[in-house]
Amino acid sequence: MILESPLSSGDGLYTLHYRFISFSLSPRSRKFHGETLSLDISPLILFFLRKMSETAKRVRSNFNGVHHPVVDFWRREVGGISSRNFSNRFSASENLVLRLEIYKKLEKHKGCVNTVSFNAQGDVLISGSDDWRVVLWDWQLGNVKLSFHSGHANNVFQAKFMPFSDDRTIVTCAADGMVRRANILEGGKVKTSLLGLHQGRAHKLCIEPGNPHVFYTCGEDGLVQRFDLRTEAPTELFTCHSVDPKRRNMEAIHLNAIAIDPRNSNLLVVGGMNEYARLYDIRRIQGGGLNGLTRAADHFCPPHLIGNEDVGITGLAFSEQSELLVSYNDEFIYLFTPDMGLGSNPIPASSKSSVSKSESASSPKDENKHSVPMVYKGHKNSETVKGVTFFGPRSEYVVSGSDCGRIFTWRKKTGELIRVMEGDRDVVNCIEPHPHIPVLASSGIETDIKVWTSKAAERAILPENIELRKRTPRGWMYRVSTRQELLSQLFAMQGRRSSSSPEREGEPSRGRALLNLIRTFNVESSDENATDDDDDDGNSFEDFFS
């Protein structure tokens, strides 16, 4: 039944014309029939009908815009919305984002927690730390399922489950440059093995979506490697160098981040101590071996940062719509759509003078004003290699940690800051969203992991003045990187003790102070296959200073 426009009559009544539509569901004949019925009503009844129509329109607009949970519950029960769409709308609700608060604190590590990641089902959380250990958590109960030594000789920077491995295959990379695999055997035993090596820290790895065998790593040597667990050795794909021809032969660019497009696993993006996020098509370089002249298929950079040698990229993430999120140190976070790339050979700022005026006047940047990326401001990213990610089933929000120990959340479409949460007393480095429900895990310089769920009774509001609190620098760039360096400093300090001036009463020696630092970061040696509450036997550093 369709309500057609009302017509006024001379006696103060209105005539409403209803069009009754019926149709046949017969597979042979689907004919439509209709007839019009006229009904005289008073102006008061017409007023109420119009109000009801306006209310219905507002409800329909809510279905397409801001979704009210109660209405969505009702629609799901009567079949007006599918269970999947209901779940997506529920998880993306801003009301839930504003009610996030700490649900559990997971405490087991004895050093900074540098990585957190959920398994595919979302019931297990994996973490890696400066204590060189990897821990598997039942985050809902707050219990440790398994704890083992990673086999690394320095801080664990990344640990992830391989897909379709029944959560029994884990790959890790660390500050010692090693890339390792851990196989969980029956009875909780763990076997670790070396897969490959970077010259310098290996900060991140990414897994090819849906592939239980293939993943990629990047490191401070500028090298990107492809690992296939079915083969014995990794494939060295390429090394990143400057796009400026004058600096191309200089040392490789230190890489901090790597990510794969979830909608196209052939597209790989890397970023590091350079202003460009570089997008590569694996099909063009796979099997070609190491090639220092391999060009990226595309480059992404905010226009005002091109040629800026003081910035670098610390975090990268792809959305479900293939949008690229890039976090810069001492700068902001930017969102790029695929059409915002600068091409395979971007012109550095130092070379712009060689371009003719006619060429610069017709440059793509001038033609495409929409190429300016969305920007997200408010956090501070200076002290550490800080990640960035999306939150929500369709990447509705952007989330990042901050040097001030807080977690910042923005609306992706508008760039508006909607939430600031107190995460750590120090720096928050890692934010990991749950794969299915509105849950977050965060970690940083502190030794615990925070799990956030939407259980707050009241919606949070933004503070009037978001002032960043100054922190004592304690990030990775301020730490001694290897045990050999620690030992050399210890022996040097011990040798100077006999020849230096006497220490003041009550003041610890510099060697003792460094020992305390070692204890803080828990860098004593431990058994490679130790599990759960196994502690190190003896302490050579204690014996050295006794």
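Only heavy atoms go into these numbers, but all of them, side chains included; no hydrogens, no water, no symmetry mates.
- Using a 4.5 Å heavy-atom threshold, the side chains of Thr409 and Val398 count as separate.
- Looking only at atom types and distance, the side chain of Asn429 has no donor-acceptor partner in the side chain of Asn114 under 3.5 Å away.
- Ring geometry for Phe215 against Phe227 counts as parallel: the plane angle stays under 30°, on a 0 to 90° scale with 60° as the upper cut.
- Closest approach of Lys110 and Thr447 over heavy atoms only: C-CG2, 3.9 Å.
- Side-chain atoms of Ser344 and Arg295 form no donor-acceptor pair, as typed in the model, at a separation below 3.5 Å.
- Side-chain contact between Pro438 and Phe391: present, with at least one pair of heavy atoms (C-beta onward) separated by less than 4.5 Å.
- Defined by atom type and a distance below 3.5 Å, a donor-acceptor pair is present between the side-chain atoms of Asn381 and Thr314.
- With hydrogens and angles ignored, the 3.5 Å screen pairs no side-chain donor or acceptor of Asp261 with any backbone N or O of Ser322.
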Quick one: do Arg230 and Asp228 satisfy salt bridge (charged side-chain N to carboxylate O under 4.0 Å, His left out)? Show the steps, please. CA-CA 5 Å; Arg230 297 165 294 187; Asp228 191 326; 2.9 Å; yes

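- Summarising the geometry of Gly151 relative to Thr192, their closest heavy-atom pair is CA-OG1, 4.3 Å, with the distance given to 0.1 Å.
- Side-chain contact between Val156 and Ser129 is absent, with no heavy atoms from C-beta onward closer than 4.5 Å.
- Side-chain atoms of Ser93 and Asn95 include no donor-acceptor pair closer than 3.5 Å.
- For Ser443 (side chain) and Ile449 (main-chain N/O), no donor-acceptor pair under 3.5 Å exists by modelled atom type.
- Using the six-membered ring where Trp is involved, Trp132 and His149 have ring planes that are perpendicular, over 60° apart on the 30 and 60° scheme.
- Looking at Cys240 and Tyr280, their side chains come closer than 4.5 Å, going by heavy atoms from C-beta outward.
- Heavy atoms only, all atoms of each residue included: Lys386 and Gly401 are closest at CD-O, 3.3 Å.
- The closest side-chain donor-acceptor pair between Ser395 and Glu320, if any, does not fall under 3.5 angstrom.
- His203 and Phe157 have parallel rings, their planes meeting at less than 30° on a 0 to 90° scale where 60° marks the start of perpendicular.
- Ring geometry for Tyr334 versus Phe336: interplanar angle of 30 to 60°, hence tilted.
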